[in-house]
Amino acid sequence: MAGTGIHPYHQQWPPAQAPPPPTAPGAPPSIHHAPPHVLFDNSNRGPPTHEEVRTIFITGFPDDVKERELQNLLRWLPGYEASQVNYKGDKAMGFALFSSSQHAIAAKDSLQDMVFDVETKSVLHTEMAKKNLFVKRGIVADSDAYDQSKRLRTGGDYSHAAYTTPSPFHPPPPPVWGPHGYMAPVPPPYDPYGGYPVPQVPMPPAPIPAPSSYVPIQNTKDNPPCNTLFIGNLGQNINEDELRGLFSVQPGFKQMKVLRQERHTVCFIEFEDLNSATTVHHSLQGAVIPSSGSIGMRIQYPFRFIFLQ
DNA sequence: AGCACA
C-alpha cells in the first residue's frame, strides 16, 4: 500500500548506528536532480540512500527477445536512459532505467499491455522495479561519445548509417553499446519540454566538402558501369553549389550537369574514366549533404549513356 | 506472478 511510509521491500540498510539522512517529518523526500552524466554514480557512496526508483520491470517478452529489441522499443520514450534483459530460466525480464520516476511511470503506463510481438502473441506487463538498474561507471561524456563512427548500428541493421538530422523515421541518437549487454546511451542534454532528445553532433566545417552522413539507399539495382554517374534522391531543396562542392573535389571529376525537373532534381557527373566514377559510386553512395535534408543520395550508373554538354 | 546487473 502506498500510504504506509514503509518501503515494500526490505532493506538491510541502515545498520543501527547509521540512521538514514534526516528527512524532516512531513517534508517531501529530497530528490536530487543531477544532470544526466552524474546520475549513475552509485559508487563509493555506501548505501543507496532512498533513491527514487526510476526503473521499470517488464515481462511478457517472447523467449528469444533480444536486448536490442528492447532498446529499440524504449529509445523513444522520454527520459530513457538504459535497459537490460535478464533471463530467469528462459523467461526474459526487462529492466529499463529512466531519468526520473515520473518518466519511468509514464513509460510503464505506455508499455503496459503492449503487444510486443504478434507472431508469438506476447503482451508486455510492466511494473515499477524494486530497485534501480545498475549502470556501470556512469556515462562517458567525452567527445568520443559523439564520434559518428562509434554511433553506428543501433536501430536495425543499417550497415553504415550515421545520423545527423533526426526525422520521424530517423530518430534520435542511437545509444552506444556498453560492456555486457548494457546500453549506456550517450545522453544529449535532455530537455523535458522538447520532446525527444536531439543529437548535437558537433560538425566543424569540413576543410573539403564532405557528406554530413550516409544513409542506406533503397534502390540498389543498377546499370552497366560507365564513366558517368547518375545522382538521384536529392530532395526538393537540393543546392547545386553544395553538390558541386562535393563532387568536384573527387578525383577524376570532369563535369556535372544538374537537371531540375518537376519534382526532383537529378544530376549527372562525368569522370575522366570508369575507375574514378566507380570509386565515387561506392564512396558517396547514400551521402547526405545539408541541402538534401536527411535523405541520402542515390548514385547509379545512368540508364542510358548521357553525353554531357 | 516472475526483480537482475554491480
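Below, chain A is the first sequence line, B the second, and so on; all start at residue 1.
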Looking only at side-chain atoms of A:Ala129, point me to the closest of B:dA4, B:dG2, B:dC5.
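Closest nucleotide to the A:Ala129 side chain: B:dA4.
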Under a 4.5 Å cut-off applied to non-hydrogen side-chain atoms, are A:Asn132 and A:Arg54 in contact?
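Yes. Closest side-chain heavy atoms under 4.5 Å.
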Would you please determine if the base of B:dC5 is stacked by A:Phe134, with stacking meaning a centroid separation under 5.5 angstrom and planes under 30 degrees?
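Here A:Phe134 fails the 5.5 Å or the 30° condition.
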Of all residues at least two apart in sequence or in a different chain, which pass the salt bridge (Lys or Arg N to Asp or Glu O under 4.0 Å) check with A:Lys254?
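Testing A:Lys254 for salt bridge (Lys or Arg N to Asp or Glu O under 4.0 Å), a comparison that skips the adjacent residues, returns A:Glu270.
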Send over the distance from [X] [atom1] to [N] [atom2], rounded to a whole Å.
X: A:Met128; N: B:dA1; atom1: CE; atom2: P; result: 18 Å
X: A:Glu127; N: B:dA4; atom1: CD; atom2: P; result: 13 Å
X: A:Asp90; N: B:dA4; atom1: CG; atom2: C1'; result: 16 Å
X: A:Gln84; N: B:dC3; atom1: CD; atom2: P; result: 15 Å
X: A:Glu67; N: B:dC5; atom1: CD; atom2: C1'; result: 10 Å
X: A:Lys131; N: B:dC3; atom1: NZ; atom2: P; result: 13 Å
X: A:Ile58; N: B:dC3; atom1: CD1; atom2: C1'; result: 12 Å
X: A:Asn132; N: B:dA6; atom1: CG; atom2: P; result: 16 Å

Got a sec, which residues hit ring-ring contact (aromatic ring centres under 6.0 Å, His included) with A:His281, two or more places apart in sequence or on another chain?
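Here the qualifying residues are A:Tyr301.
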Looking across every strand, which nucleic acid part, if any, lies under 4.0 Å from A:Lys91 by heavy atom: base, sugar-phosphate, or nothing?
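A:Lys91: no heavy atom of the nucleic acid under 4.0 Å.
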For A:Thr265 versus A:Leu234, what's the shortest heavy-atom pair and its separation?
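So the minimum-distance heavy-atom pair works out to O-CD1, 3.5 Å.
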